[in-house]
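In what follows, a single structure is set out as structure tokens and then discussed.
Letters A, B, ... mirror the listed sequences (proteins, then strands); counts begin at 1.
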Amino acid sequence: MSDVKDALRAAFARAVAHLGATVDAIPVQEVPEDKPGDYGTPVAFVLAKTLKRNPAAIAAEVVDAFEPPDGVLRAEAVGPYINVVLDPAAFTAGVVAGPAPAPARGRKVVVEHTSVNPNKEAHVGHLRNVVLGDAVARILRADGYDVEVQNYVDDTGRQAAESLFAAHYFGETPPDPHAPADPGAPRTAWKLDHWYGERYVRLGRAKEADGDAIEAGVADVMHALERGERRAEIERIVAAQLATFWALGATYDLLVWESDVVASGFLSRGLAVLEASPYVERPDEGKYAGALVMRVGDFLPGLEEDRVVLVRSDGNAMYVAKDVGYQFWKAGLFEGLRYAPFAEQPGGGRLWTSHPAGADDADGRTFAHADAIVNVIDARQSHPQTLVKTALALSGTPEGETAARHAHHLAYEVVTLEGEAMSGRKGTTLALDDAMDEAVRRAGAVVAEKNPDLADADAVARAVGLGALRFAMLKSEAKRIIDFRWERALDLQGDTAPYVQYAHARAASIRRAARDAGLDPDAPPGADAFAAVGPLEVALARRVAQFPEVRTQAADELAPHLVAQYALDLATAWNGYYNHRGPDGAPDTAVLRAEPGLREARLALVGRVQATLAAALDLLGIEAPEAM
RNA sequence: GCGCCCGUAGCUCAGUCGGAUAGAGCAGCCGCCUCCUAAGCGGCAGGUCACAGGUUCGAAUCCUGUCGGGCGCACCA
């Protein structure tokens, strides 16, 4: 059924061959609304050039030679276009039977996303990273790839050190993360990421008056972190952050700690590989004396300074060098991380973590060894990401070159807040937890108003509110700047998740009513049930049939917005079908009141629509309520 | 200065790797619930696809240039 386009390509190719011509790839496209036919091809234009003849005449000849595949009635020439008319019964029945399962790709993709500094609460800028990465992982998995989601924890960085030091500096003791939360108290009083974040911002302000002492204290904490002495504290902050991401519906396979990457020797081994490169050197004099630098000018033209520091003259590695080691490991070149369970995730599955005291294997599970790597990282980090990739390519090793070729930086643009840049350092952010609370609150108010008798009102409010938030981050391309504004992010009508969810609930409602009427909505319709379906059903079924190719394209392009746009299109097609009226002004697409036979066919189509809406939403990490 | 990204309706965005009359949502106006969920549907209005060249049977889409906006170019990450 979704293979109709493939079948058409083949059929067109045979007809074209009949004219003694060949075309490498025959485009098959949907026919515009008001033109005759369902699918069509402009291939006659291409042939016109080689055959040096009128495209309309060629189209007519192709039509003559065309033998319709199953599910297709006939072809007709519409000017220079060649359009085909589907057999409504056969096509609709094929769509209702469901799509072919996604092929097993036999390739493993490691998706790294989230990677929020473990020193403060996540804000709505991080929301975009989490939601984008989670959706990409879901899409790749659904499209047949073996997917592993990693979340990198920069536990040796300055930011983590500042938060830990801030608590000490202000003489405050962090709250017990297991103590029951006081519902009335602000999160900064009991949720550890918020608690530390508040101290972190306060410490930033205190630097003006007491900079030297703070600097010394932070440096001490950084050294302690490098020795792994304060890992437990960072782990508690990470756990607090994860609670938020889990509530959003994201899950992970592995936390990779920077300190473990370093301790496992990936940094030094990565550097050893790079040092063998003719592009890497250690100058004795000049401004880079004593540092290890990489010369990238041949590969990245136009740089003011073509040398990049990998290891500082004081011996400390730069982020780029550490990341090269990490990326090598992802690609399977290095071994040696140890693993321990970190948590059982509400969304499913055990979350593992790298850990110095862990085991060599994780219950028989193998991490890394990626065939392809996707790094979901802010577009502002494009430059260092390019440097990492260049370093892999410059390593002179086939593995490094392969890793570079299959590493993708999924760059997303910033999220501004009401037109203003956010700063975690200054504390001018909107906490993700607060945004989620507000989204659910607003959705709850609408649920109470629209459907006061709804049984699972709270669960529906969560699904709708969080769905709206996620959808707002996903519906346009990653390279678009998003300005977070309450009215738009939490809008519940128009091009939003609730619009799609509502269409889903409406379909579910019909199936419920069918059950109440003694029908089995899951029973396959009889062989001749589809005889009475017409153009309205075909138009809807055509939309449904697009789903697998949308999913595959979204996977190939790492572009969840394609799925979001498709979900809107399918919901629109379904709503239009549902509300359709005949020439007499009376509804003409009723399901349960249709004559027997047609009734079963429509009911089955509605079931397929519902399943497809739910599947599309699931790729975006959005729940599909049965009622709302 | 150099590099990357963006410029489509008043606003926010889609636009099937060059195809048919450029589509949605929001905002505005007009209609539709004795009918399976009106968070919905139909209609009206709104466009020199930033600008100028070029390639092509055909360009919002590809190439060159210009203008406007964002980001990046540390011994930070």
Side-chain angles (χ1 to χ4, degrees), chain A residues 27 29-35 40-43 45-46 48-49 55 78-81 83 117 154 157-159 287-293 300-305 308-316 318-320 322-323 378-384 386 411 413-414 443 446-447 449-451 464 475-477 479-483 485 487-488 491-496 498-499 501-503 505-514 516-517 546 549-550 553 557 561-562 564-566 568-569 571-572 575-576 578-581 585-587 589-594 602-603 606 627-628:
Chain A
Q29 54 196 215
E30 304 237 346
V31 167
E33 284 293 320
D34 48 352
K35 291 283 186 291
T41 179
V43 72
F45 285 113
V46 184
K49 184 168 297 183
V78 182
Y81 289 92
N83 292 354
N117 267 314
D154 180 7
R158 173 163 198 99
Q159 303 211 37
K287 68 172 178 173
Y288 291 131
L292 186 70
V293 300
L300 304 174
L303 292 180
E304 201 168 305
E305 168 59 67
V308 173
V309 174
L310 296 173
V311 180
R312 294 188 292 196
S313 49
D314 65 5
N316 285 319
M318 302 284 288
Y319 156 81
V320 167
K322 290 177 184 171
D323 206 39
D378 193 321
R380 288 172 297 187
Q381 290 200 44
S382 290
H383 181 63
T386 306
E413 271 297 341
V414 286
V446 174
V447 168
E449 174 206 329
K450 304 259 185 195
N451 199 344
V464 169
K475 75 175 168 188
S476 43
E477 296 175 278
K479 62 189 175 191
R480 282 283 163 205
I481 294 171
I482 293 181
D483 186 30
R485 307 188 107 97
E487 328 86 76
R488 232 183 297 139
D491 207 356
L492 306 182
Q493 38 184 291
D495 282 349
T496 64
Y499 176 84
Q501 291 171 316
Y502 185 76
R506 174 178 264 168
S509 163
I510 292 175
R511 283 162 50 80
R512 264 195 309 277
D516 292 346
Q546 284 183 308
E549 61 185 292
V550 169
Q553 193 185 355
E557 297 179 17
H561 83 279
L562 296 175
Q565 294 292 336
Y566 169 76
L568 292 171
D569 288 343
T572 298
N575 281 330
Y578 175 88
N579 283 297
H580 196 271
R581 284 159 191 274
T589 52
V591 174
L592 301 179
R593 276 182 291 279
R602 284 180 172 173
L603 185 57
V606 168
M628 59 188 278

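- Within the 4.0 angstrom heavy-atom criterion, base atoms lie near A289(A).
- Annotation: side chain of Y566(A) is not in contact with side chain of Q553(A) (no heavy-atom distance under 4.5 Å).
- A590(A) comes within 4.0 angstrom of a base, heavy atoms only.
- Picking from rA77(B), rA39(B), rC75(B) the nucleotide with the shortest atom distance to the side chain of Y288(A) gives rC75(B).
- Spacing of P atoms, rG25(B) relative to rC44(B), comes out at 13 Å, to the nearest Å.
- Separation of the P atoms belonging to rC49(B) and rG72(B) is 32 Å when rounded to the nearest angstrom.
- The base of rC4(B) does not come close enough to the side chain of S382(A) for any donor and acceptor atom to sit less than 3.5 Å apart.
- In this structure, the separation between CG on D495(A) and NZ on K475(A) is 5.0 Å, given to the nearest 0.5 Å.
- Only the C1' atoms considered, rG10(B) is 15 Å distant from rC29(B), to the nearest whole Å.
- Atom CD in E413(A) sits roughly 14 Å away from atom C1' in rG7(B) (whole-Å rounding).
- For Q29(A), whose side chain is taken as the heavy atoms from C-beta onward, the closest listed nucleotide among rA20(B), rC76(B), rC36(B) is rA20(B).
- In plain terms, the two heavy atoms of E413(A) and K479(A) that are nearest each other are CG-O, 3.1 Å.
- Rounded to an integer number of Å, the gap from R581(A) CZ to rG43(B) C1' is 13 Å.
- The separation between M318(A) atom CE and rC73(B) atom C1' is 13 Å, rounded to whole Å.
- Separation of the C1' atoms belonging to rG23(B) and rA14(B) is 7 Å when rounded to the nearest angstrom.
- Checked against rA38(B), rC35(B), rA20(B), the side chain of R593(A) finds its nearest nucleotide in rC35(B).
- D154(A) comes within contact range of the sugar-phosphate backbone alone, with a heavy-atom separation under 4.0 Å but no base atom that close.
- The separation of rG58(B) from rU21(B), taken at their C1' atoms, amounts to 15 Å, rounded to a whole angstrom.
- Using a 4.0 Å heavy-atom criterion, one finds that V447(A) contacts the bases of the nucleic acid, with or without backbone contacts as well.
- rA60(B) and rU16(B): their P atoms are spaced 12 Å apart (whole Å).
- Closest approach to the R380(A) side chain among rG72(B), rG40(B), rC75(B) is made by rG72(B) (side chain taken as heavy atoms from C-beta onward).
- Proximity note for A513(A) (side chain, C-beta onward) versus rA38(B), rC35(B), rC36(B): the nearest is rC36(B).
- Residue V311(A) is classed as having no contact, given no heavy-atom separation below 4.0 Å to the nucleic acid.
- Side-chain contact between K450(A) and Y502(A) is absent, with no heavy-atom pair separated by less than 4.5 Å.
- Of the residues near RNA chain B, V78(A) and D491(A), the one whose nearest nucleotide (by heavy atom distance) lies more toward the 5' end is V78(A).
- Between the side chains of N575(A) and Y499(A), at least one donor N or O sits under 3.5 Å from an acceptor N or O.
- rC29(B) has its base anti relative to the sugar, with a glycosidic angle deviating from 0 by more than 90°.
- Computed from coordinates, the H383(A) NE2 to rA77(B) P distance equals 13 Å when rounded to whole Å.
- In this structure, D154(A) contributes its side chain and N117(A) its backbone to no donor-acceptor pair below 3.5 Å.
- With centres under 5.5 Å and a plane angle under 30°, the ring of Y81(A) is stacked against the base of rA20(B).
- Protein atom CZ of R485(A) is 15 Å distant from nucleotide atom C1' of rA27(B), rounded to whole Å.
- Between Y578(A) and rA38(B), a side-chain N or O to OP1/OP2 separation shorter than 4.0 Å is present.
- A505(A) comes within contact range of at least one nucleobase, with a heavy-atom separation under 4.0 Å.
- Going from atom CG of N451(A) over to atom P of rG40(B) covers 15 Å, rounded to whole Å.
- By the 4.5 Å heavy-atom criterion applied to side chains, P384(A) and M318(A) are not counted as neighbours.
- Nucleotide rA74(B) holds its P atom 14 Å from the CD atom of Q381(A), rounded to whole Å.
- Both Y319(A) and V31(A) lie close to RNA chain B; mapped to their nearest nucleotides by heavy-atom distance, the more 5′-ward contact belongs to V31(A).
- Looking at heavy-atom distances under 4.0 Å, K479(A) makes contact with sugar-phosphate atoms alone, never a base.
- Within the 4.0 angstrom heavy-atom criterion, base atoms lie near T589(A).
- We find that CG of L568(A) is positioned 11 Å from P of rG40(B), with the value rounded to whole Å.
- Taking every side-chain heavy atom of K35(A) into account, rU21(B) is the closest of rU21(B), rA38(B), rC75(B).
- Side-chain atoms of N575(A) lie closest to rG40(B) of the nucleotides rC75(B), rG40(B), rC35(B).
- R512(A) comes within 4.0 angstrom of a base, heavy atoms only.
- Taken to the nearest 0.5 Å, the CD atom of E305(A) stands 4.0 Å off from the OH atom of Y288(A).
- Residue-level contact check: P384(A) touches the bases, meaning some heavy atom is under 4.0 Å from a base atom.
- In terms of heavy atoms, A291(A) sits closest to V309(A) at CB-CG1, 4.3 Å.
- Within 4.0 Å of A627(A), counting heavy atoms only, lies at least one base atom of the nucleic acid.
- In the set rC41(B), rG19(B), rA39(B), rC41(B) carries the atom at the smallest distance from any side-chain atom of N579(A).
- Nucleotides rC11(B) and rA20(B) place their P atoms 26 Å apart, quoted to the nearest Å.
- Comparing the C1' positions of rC71(B) and rC32(B) gives an interatomic distance of 48 Å, to the nearest angstrom.
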Dump every N/O contact between nucleotides 56-58 of chain B and the protein below 3.5 Å, one line per pair.
none

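- Base engagement by M628(A) is indicated by at least one non-hydrogen atom pair under 4.0 Å involving a base atom.
- At a threshold of 4.0 angstrom between heavy atoms, the contacts of D516(A) with the nucleic acid are absent.
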Scan nucleotides 10-15 of chain B nucleotide by nucleotide, 5' to 3', and note B when protein non-hydrogen atoms come under 4.0 Å of the base, S if they reach only the sugar-phosphate, - if neither. --SSSS
Quick one: the dot-bracket string of RNA chain B, using Watson-Crick and G-U wobble pairs with both distances under 3.5 Å, [ ] for crossing pairs and | for bases paired to another strand. (((((((..((((.....[...)))).(((((.......))))).....(((((..]....))))))))))))....
Trace of the side-chain contact (heavy atoms from CB on, under 4.5 Å) decision for Q29(A) with Y81(A): CA-CA 11 Å; Q29(A) 54 196 215; Y81(A) 289 92; 4.2 Å; yes
Verdict with reasoning, Q493(A) to D491(A), per side-chain contact (heavy atoms from CB on, under 4.5 Å): CA-CA 6 Å; Q493(A) 38 184 291; D491(A) 207 356; 3.9 Å; yes
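- The shortest side-chain heavy-atom distance between Q546(A) and E30(A) falls under the 4.5 Å cut-off.
- Side chains of L603(A) and R511(A) form a contact here, defined as non-hydrogen atoms less than 4.5 Å apart.
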